[in-house]
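Proteins come first, then strands; the chains are lettered A, B, ... in the order of their sequence lines, and each starts at number 1. Note that this is a predicted model, so its numbers are computed, not measured. Hydrogens, waters and symmetry mates are skipped; everything else that's a heavy atom, side chains included, is used.
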2 protein chains.
Amino acid sequence: MKTEELHCCGDIHKRASLDKWIERLQSTKLKLTTPRHVILEFLHKQSHPATNREIYNGISNDCDLASVYRTINLFIKIGFVHQFDFGDGIARFELIEPGLDSHHHHIICNDCSKVIEIDHCFPESLTKTISKHTGFSRIKHKLEFFGLCPNCQ
Amino acid sequence: MKTEELHCCGDIHKRASLDKWIERLQSTKLKLTTPRHVILEFLHKQSHPATNREIYNGISNDCDLASVYRTINLFIKIGFVHQFDFGDGIARFELIEPGLDSHHHHIICNDCSKVIEIDHCFPESLTKTISKHTGFSRIKHKLEFFGLCPNCQ
DNA sequence: TGGCTATTGCAATACATTCGCAATCAAAAG
DNA sequence: CTTTTGATTGCGAATGTATTGCAATAGCCA
Ligand SMILES: [Mn+2]
Ligand SMILES: [Mn+2]
Ligand SMILES: [Zn+2]
Ligand SMILES: [Zn+2]
């Protein structure tokens, strides 16, 4: 019996190996430091977005909390990490494979905070309609779902 | 020439009169205090979500900032106000007419922060699909759009 | 290996939001 | 109208997340 049996969208988080991510980091001008290495390693293991404090707790002694914040902000800037907002005022972060196919959303249980990845997305056609109606271009969206998970209903 | 010419979704914010809102407040056990009155009045005038500080600045001298926070939280609890998140870590609030027809979203310009109301919503059928796939019930969504407004492209 | 510079640790800071508590006031009772 | 009373307020302090200044440190390259 696999521990993955509860996963619902296994393909979403298909990721390159950790080594691949480290290569990617080294292919920039940025230094491969211990904080960057351990944070990359930590994020690579996660299956859901993690807060800066969760990251810090998961790697403790290897890096200061302020450096977790700085490193995550850096990873966002170079496109390694996406930020998600689950409505509690605490930012959450996920390592995201380059390319649009890994864009996805989440559903969060209002009771127990269980998170499941969702591969359904806001329809492209509706986005085009919104673009026509508003005149906005380069439209992106932030979308998360909330409800009661099977265990909490 | 009307000043409303730039509005794109005029129907979304059709609202009861301020007096109606005050009646609604009085029909609860809650006291009609000056802070509650002026905040209701301020929110009633707005066409976009406002931050607690914007509310405070818009009514200054009539109410303490802490009481703005408390009043807004109260209004959320009794269903008068909805909270929106534009991704900058500052909560925004809008007076929302009871009933599902006033549920809506926004598009925010990444450059100048211009906000336009959007009446398109995440499709109900897809929500049902997500419910089947995940087992979650009572699913709600948070959805906001971001892009470049006509003036900023 | 040594030097240059990016990066880090640490503490201080910024900022949104909440809380404790005494003073106040809206609403009900007399 | 006056009194009573508990909800509500103002004020300051506290909380929690996130950022920043700066001296010390440590990758990376010559
Ligand atoms: Mn995810
Ligand atoms: Mn709105
Ligand atoms: Zn999407
Ligand atoms: Zn919607």
Quiz item: Taking for each residue the nucleotide of DNA chain C with the nearest heavy atom, is it B:Phe93 or A:Leu30 whose nucleotide lies nearer the 5' end?
Solution: A:Leu30

Exercise. Check the distance between D:dT8's C1' and B:Lys77's NZ and give it to me in whole angstrom.
Key: 13 Å

Quiz prompt | Nearest-nucleotide comparison on DNA chain D, the residue closer to the 5′ end among A:Tyr69 and B:Cys63 | solution = B:Cys63

Quiz item: Between atom CD in B:Glu54 and atom P in C:dA16, what is the gap in whole Å?
Solution: 11 Å

Quiz item: If you look at every strand shown and take non-hydrogen atoms under 4.0 Å, does A:Asp62 touch a base, only sugar-phosphate, or nothing?
Solution: sugar-phosphate

Quiz item: Considering heavy-atom distances to DNA chain D, does A:Arg53 or B:Asn61 have its closest nucleotide positioned more toward the 5' end?
Solution: B:Asn61

Exercise. Could you check which of D:dA18, D:dC11, C:dT7 has an atom nearest any side-chain atom of A:Arg36?
Key: C:dT7

Practice problem: Could you state the atom-to-atom distance from CD1 of B:Ile72 to P of D:dT9 in whole Å? | Solution: 12 Å

Exercise. Indicate yes or no for a side-chain donor-acceptor contact from B:Thr127 to the backbone of B:Pro123 under 3.5 Å, with no hydrogens or angles considered.
Key: yes

Quiz item: Expressed in angstrom and rounded to an integer, what is the separation of A:Asn52 atom CG from D:dT17 atom P?
Solution: 10 Å

Quiz item: In terms of side-chain heavy atoms of B:Lys31, which of D:dT8, D:dT20, C:dA6 is nearest?
Solution: D:dT8

Quiz item: Over how many whole Å does the gap from A:Gln26 atom CD to D:dG27 atom P extend?
Solution: 12 Å

Self-check item: Along DNA chain C (nearest heavy atom to each residue), the more 5'-positioned of B:Thr33 and A:Thr34
Solution: A:Thr34

Practice problem: Could you please name the option among C:dC19, C:dT17, D:dT9 that lies closest to any side-chain atom of B:Leu65? | Solution: C:dT17

Quiz item: Just how far, in rounded Å, is P of C:dC15 from CD1 of A:Ile90?
Solution: 20 Å

Quiz item: Who pairs with B:Thr28 by side-chain contact (heavy atoms from CB on, under 4.5 Å), at least two apart in sequence or on another chain?
Solution: B:Leu25, B:Leu30

Quiz item: Quick check: does any side chain N or O of B:His106 sit under 3.5 Å from a backbone N or O of B:Val115, one acting as donor and the other as acceptor?
Solution: no

Practice problem: To the nearest Å, give me how far apart NZ (B:Lys29) and P (D:dT8) are. | Solution: 12 Å

Quiz item: So does A:Asn73 get a side-chain nitrogen or oxygen closer than 4.0 Å to the phosphate oxygens (OP1/OP2) of D:dT19?
Solution: yes

Exercise. Could you state the atom-to-atom distance from CD1 of B:Ile59 to C1' of D:dG10 in whole Å?
Key: 13 Å

Quiz prompt | Step-by-step side chain to side chain contact (heavy atoms under 4.5 Å, CB included) determination, A:Arg53 to A:Ile90 | solution = CA-CA 10 Å; A:Arg53 183 157 295 276; A:Ile90 310 177; over 6 Å; no

Quiz prompt | Derivation and outcome, side chain to side chain donor-acceptor pair (under 3.5 Å), residues A:Glu94 and A:His104 | solution = CA-CA 11 Å; A:Glu94 216 180 274; A:His104 68 277; 3.1 Å; yes

Quiz item: A:Arg70 side chain: which of D:dA26, D:dC11, C:dG9 is closest?
Solution: C:dG9

Quiz item: Out of C:dT8, D:dG6, D:dC28, which has the shortest distance to the side chain of A:Thr71?
Solution: C:dT8

